[in-house]
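Counting starts at 1 for both ligands and their atoms, following the listed order.
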Amino acid sequence: MIHKHAFEALDKSFKDVLCTGNNIGDKPLFGGKVVVFGGDFRQILPVLQGASNQDVVSSCLTSSYIWRECKVLKLTKNMRLLQGNDQSDVQETSDFARWLLDIGEGKVGGENDGESDVNIPADLLIDDSSDPLSDLIEFVYPSLLDNFGDRDFWSERAVLAPTNEVVDDINNRLLSLVPGEEHEYLSSDSVCQDEIVGDNFDRNLCSPDVLNSLHISGIPNHRLVLKVGVPVMLLRNIDQRNGLCNGTRLQIVSLGRHVIEVVIISGNNIGFRTFIPRLSLIPTDKRIAFRFQRRQFPISVCFAMTINKSQGQSLSRVGLYLKSPVFSHGQLYVALSRVKSKKGLKILILDEDGRTTNVTRNIVFKSIFSNL
Ligand SMILES: Nc1ncnc2c1ncn2[C@@H]1O[C@H](COP(=O)(O)OP(=O)(O)OP(=O)(O)O)[C@@H](O)[C@H]1O
């Protein structure tokens with residue numbers, strides 16, 4: 001979800017462009033233009049590092065002066081679930097849709113202050129078996145080797161997990177299973193020049209080895225290993241008109257030295273073939289005390305993806321792997337609500353001892369709903 005400051009900046013720009021006079025208080029909101037916002041406050045709220053629950057809620061549109069002048073209209077049908085089910089499933093679909101809303105609003109798991117343990121129904125769980133993770137992967141990607149060449153097979157399925165670490169493990173596991181020669185692409189990392197000029201910058205703190213070892217959300221890893229045919233996700237907006245946006249899923253067609261040929265497998269332009277170049281990417285993570293740039297292909301393997309990255313996607317098969325529980329508002333709801341049918345969802349939950357369980361954590365900052 002977008003920070004309220006983005007909407008407030010847009011409001012002020014519209015007022016500057018469309019209104020006369022110097023007193024901003026006299027100018028109508030958005031310069032008098034009607035603006036339609038779309039969103040779901042059950043989903044993940046703005047990501048603010050190190051912020052308290054209250055800071056996060058305060059960063060939302062509902063805490064802005066704009067909200068006082070908004071009229072709220074509510075959508076009542078889950079179109080995603082209506083698409084993926086036939087008439088025989090009406091009751092099951094309606095019960096599942098209601099359960100999803102209850103998860104999103106923190107009504108499952110009894111009275112709580114925003115964090116609760118919820119019991120997941122048995123028919124959604126991967127049963128205890130000798131290798132439950134393999135069972136989850138087999139559910140999402142059945143007969144992987146037989147289907148490897150089929151583009152449609154990759155377009156509507158994913159394993160989801162809360163953290164990048166778990167996602168990387170699953171991606172590496174699946175990459176090693178699929179046929180084909182591995183191509184390794186190493187990034188070139190360097191500290192941005194403006195950090196160094198005229199400063200007592202300690203270069204030893206950020207040697208190439210240190211920079212290469214950084215794993216940062218939204219930035220491809222230093223070492224990117226790919227094979228022809230694997231699904232990858234684009235990590236930057238490259239060409240929105242042709243459907244090449246942050247989050248678009250692609251399949252590798254060929255692996256060159258300087259460019260990678262891909263075909264789009266999700267979004268508006270499925271089937272479009274194009275080339276992805278290396279880009280210089282600068283992380284915005286405030287936990288890193290200096291600015292550096294990584295020159296790398298802006299893609300990551302996406303057999304598995306983080307729950308945050310899955311926002312906006314509609315999938316026919318989802319395997320939710322909760323090796324550790326979710327850690328922020330809306331993540332469980334987003335993960336569970338990506339599927340087009342209940343049949344397309346399986347969940348594997350591990351407890352602290354690594355044993356399968358049916359209980360997991362749900363986090364809902366309930367104060368976000370107070371202004372709606
Ligand atoms: N009016 C409609 N008729 C038929 N299908 C629809 C309609 N509206 C949405 N859908 C389908 O429902 C799915 C979800 O739509 P969309 O991604 O626009 O919703 P959303 O509110 O952005 O979802 P989310 O925020 O949960 O990602 C899509 O597969 C879309 O094709």
Side-chain angles (χ1 to χ4, degrees), residues 1-4 6-7 35-47 56 60-62 70-87 89-90 92-108 124 140 151-162 218 231 233-234 237 240 243-249 264-271 302 304-320 326 328-345 347 362-365 368-369 372:
M1 186 165 289
I2 298 174
H3 197 291
K4 68 177 179 185
F7 300 115
V35 175
V36 179
F37 303 101
D40 181 353
F41 292 97
R42 301 177 195 93
Q43 297 195 6
I44 300 166
L45 302 176
V47 177
V56 173
C60 294
L61 184 61
T62 45
C70 288
K71 180 175 180 195
V72 180
L73 302 173
K74 295 188 180 172
L75 302 174
T76 54
K77 275 190 194 154
N78 186 325
M79 297 307 296
R80 184 177 281 120
L81 287 178
L82 283 186
Q83 256 190 350
N85 290 281
D86 53 41
Q87 283 299 313
D89 301 326
V90 171
E92 187 186 71
T93 303
S94 140
D95 293 346
F96 183 56
R98 183 68 252 165
W99 183 71
L100 288 178
L101 291 177
D102 287 345
I103 290 278
E105 289 162 16
K107 293 177 182 165
V108 182
L124 290 176
V140 179
R151 191 171 75 203
D152 296 340
F153 178 75
W154 300 109
S155 64
E156 292 229 338
R157 49 191 79 221
V159 175
L160 305 182
M233 181 179 276
L234 193 57
N237 291 330
Q240 279 164 283
L244 289 168
C245 308
N246 189 350
T248 304
R249 284 188 296 148
I264 296 181
I265 59 170
S266 75
N268 298 332
N269 218 353
I270 293 175
C302 75
M305 65 181 96
T306 60
I307 295 171
N308 286 30
K309 264 284 172 204
S310 76
Q311 283 193 99
Q313 309 250 5
S314 294
L315 303 165
S316 359
R317 285 257 170 136
V318 168
L320 175 58
V326 297
S328 86
H329 169 97
Q331 282 182 322
L332 188 62
Y333 169 72
V334 166
L336 299 174
S337 61
R338 294 309 90 205
V339 271
K340 294 182 189 169
S341 73
K342 188 181 177 191
K343 287 193 288 290
L345 174 66
I347 306 166
N362 185 24
I363 302 178
V364 179
F365 301 163
I368 192 70
F369 305 121
L372 298 181

**Q.** Side-chain H-bond candidate by donor/acceptor type, Tyr333 with Asn362, under 3.5 Å
**A.** no
**Q.** Between Arg338 and Ser310: side-chain donor-acceptor atoms closer than 3.5 Å
**A.** no
Q | Face-on cation placement of Arg157 at Phe153 ring, 6.0 Å and 45° thresholds | A | yes
(Q) Suppose we screen for salt bridge (Lys or Arg N to Asp or Glu O under 4.0 Å). Which residues come up paired with Lys107, at least two apart in sequence or across chains? (A) Glu105
**Q.** Interatomic distance, Ile368 atom CD1 to Thr62 atom OG1 [nearest 0.5 angstrom]
**A.** 3.5 Å
Q) Atom CD1 in Ile347, atom CG in Leu336: separation rounded to 0.5 Å? A) 5.0 Å
Q: Might you list the protein residues in contact with ligand 1, defined as having a heavy atom under 4.0 Å from one of its atoms, sorted by chain and number?
A: Gln43, Met79, Arg80, Gln83, Gly312, Ser314, Arg338
